[in-house]
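Notes follow the structure.
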Amino acid sequence: MRKFLQLIGIGIASGIILALLMQLVFELTGNEAYILLYNVDYFPFIHIFKDSSSFGFAFHLVFCIASVVGLFYILTFFNWHYSIWPYVAVYTAGSGVLYFLTLLTEKPPAADDGMAWFYWTAGQLVFSLAVGWMIRLFVKADTNARG
């Protein structure tokens, strides 16, 4: 249970890092790639909350938590759960592809906005490094310390 709670905390912390980074990109460049973090237009039923910024942020954090917990336990089957690089590969490549969900909504950024794709994918790279680093720092260290 302790490990599961640590993973939830890592999902929240990494999700906040990603949100702050994407907001900073918007403030510095005006690029609206950050909108993808909160966009629920393409989800059945929950898209009715699309105008609620707090719901969008909560959705983002829940997705971050689920992806951290899920990927950690999937990677345990391969004994890769304490290596940073599988997180980098899955989150960065996967998010680079998921960027094109923008085709399913009228909200920015546009699917053909190369800079938005770059900022989005680079942000996901930072997210993945944060996740992998925190898992090694907190979860692995705690597991080693507890024997």
Side-chain angles (χ1 to χ4, degrees), residues 1-29 31-105 107-109 111 116-147:
M1 180 58 108
R2 181 180 175 98
K3 187 180 295 184
F4 183 73
L5 293 174
Q6 288 172 320
L7 294 170
I8 290 172
I10 290 168
I12 292 169
S14 299
I16 290 170
I17 289 168
L18 177 57
L20 290 173
L21 176 61
M22 297 305 290
Q23 187 64 40
L24 179 64
V25 166
F26 173 69
E27 296 295 328
L28 294 175
T29 68
N31 190 286
E32 297 176 309
Y34 78 96
I35 292 173
L36 286 173
L37 294 178
Y38 316 116
N39 191 348
V40 295
D41 284 358
Y42 35 83
F43 287 98
F45 307 112
I46 65 171
H47 72 274
I48 61 174
F49 299 106
K50 66 182 177 186
D51 294 326
S52 169
S53 60
S54 58
F55 181 83
F57 185 70
F59 167 79
H60 164 66
L61 290 182
V62 166
F63 199 82
C64 290
I65 292 166
S67 70
V68 168
V69 171
L71 186 55
F72 178 86
Y73 286 111
I74 289 169
L75 292 175
T76 60
F77 289 114
F78 305 99
N79 201 29
W80 295 344
H81 51 297
Y82 293 126
S83 176
I84 293 173
W85 301 113
Y87 297 97
V88 170
V90 170
Y91 291 134
T92 307
S95 295
V97 172
L98 287 176
Y99 173 84
F100 296 99
L101 286 173
T102 59
L103 291 167
L104 304 176
T105 182
K107 287 185 180 177
W117 180 87
F118 172 78
Y119 293 135
W120 172 258
T121 306
Q124 300 298 328
L125 172 63
V126 171
F127 171 81
S128 65
L129 290 169
V131 169
W133 178 76
M134 283 191 263
I135 285 173
R136 288 186 69 160
L137 182 66
F138 299 114
V139 181
K140 183 178 183 182
D142 187 52
T143 301
N144 290 341
R146 294 165 38 120

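FYI, side chains are in, hydrogens and waters are out, and symmetry mates aren't considered; it's all heavy atoms of this structure.
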Nearest-0.5 Å distance that lies between atom CD1 in Ile135 and atom CD1 in Ile84: 9.5 Å
Heavy-atom pair of closest approach, residues Ile17 and Ala130: CD1-CB, 4.2 Å
Residues forming a ring-ring contact (aromatic ring centres under 6.0 Å, His included) with Phe77, sequence neighbours excluded: none
Between CD1 on residue Ile16 and CG on residue Leu21, distance to nearest 0.5 Å: 13.5 Å
Test item: Pro109 and Leu36 side chains (from C-beta on) under 4.5 Å apart, heavy atoms: yes
Listed pairs under 3.5 Å, donor-acceptor, residues 116-127 side chains, sequence neighbours left out:
from: Trp117; atom 1: NE1; to: Gly96; atom 2: O; distance (Å): 2.8
from: Trp120; atom 1: NE1; to: Ser95; atom 2: O; distance (Å): 2.8
from: Thr121; atom 1: OG1; to: Trp117; atom 2: O; distance (Å): 2.8
from: Gln124; atom 1: OE1; to: Ser95; atom 2: OG; distance (Å): 3.2

Asn31 side, atom CG; Met22 side, atom CE - distance, nearest 0.5 Å: 7.5 Å
All side chain to side chain donor-acceptor pair (under 3.5 Å) counterparts of Tyr99, not counting sequence neighbours: none
Pairs involving residues 1-26, ordered by first then second residue, that meet ring-ring contact (aromatic ring centres under 6.0 Å, His included) (sequence neighbours left out): Phe26-Tyr34
Partners passing side-chain contact (heavy atoms from CB on, under 4.5 Å) against Leu101 (at least two apart in sequence or in another chain): Tyr42, Leu98, Leu104
Which residues share a side chain to side chain donor-acceptor pair (under 3.5 Å) with Glu32, sequence neighbours left out: none
Pairs where residues 9-28 contributes a residue and the test side-chain hydrogen bond (donor to acceptor under 3.5 Å, both in side chains) is met, not counting sequence neighbours: Gln23-Glu27
OH-OG distance between Tyr38 and Ser54, expressed to the nearest 0.5 angstrom: 12.0 Å
Test ring-ring contact (aromatic ring centres under 6.0 Å, His included) applied to Trp80 - qualifying residues, sequence neighbours left out: Phe78
Spacing of Thr102 atom OG1 and Asn39 atom CG [to the nearest 0.5 Å]: 9.0 Å
Non-hydrogen side-chain atoms of Val88 and Val131 separated by less than 4.5 Å: no
With a 3.5 Å cut-off and sequence neighbours excluded, list the donor-acceptor pairs that the side chains of residues 63-74 form with protein atoms.
from: Ser67; atom 1: OG; to: Phe63; atom 2: O; distance (Å): 3.3
from: Ser67; atom 1: OG; to: Cys64; atom 2: O; distance (Å): 3.0

Distance, nearest 0.5 Å, that separates CG of Leu129 from CH2 of Trp85: 6.0 Å
Geometric class of the Phe57/His60 ring pair [parallel <30°, tilted 30-60°, perpendicular >60°]: tilted
By side-chain contact (heavy atoms from CB on, under 4.5 Å) - contacts of Leu103 (at least two apart): Phe100, Ala111
Close side-chain approach of His81 and Tyr87, heavy atoms under 4.5 Å: yes
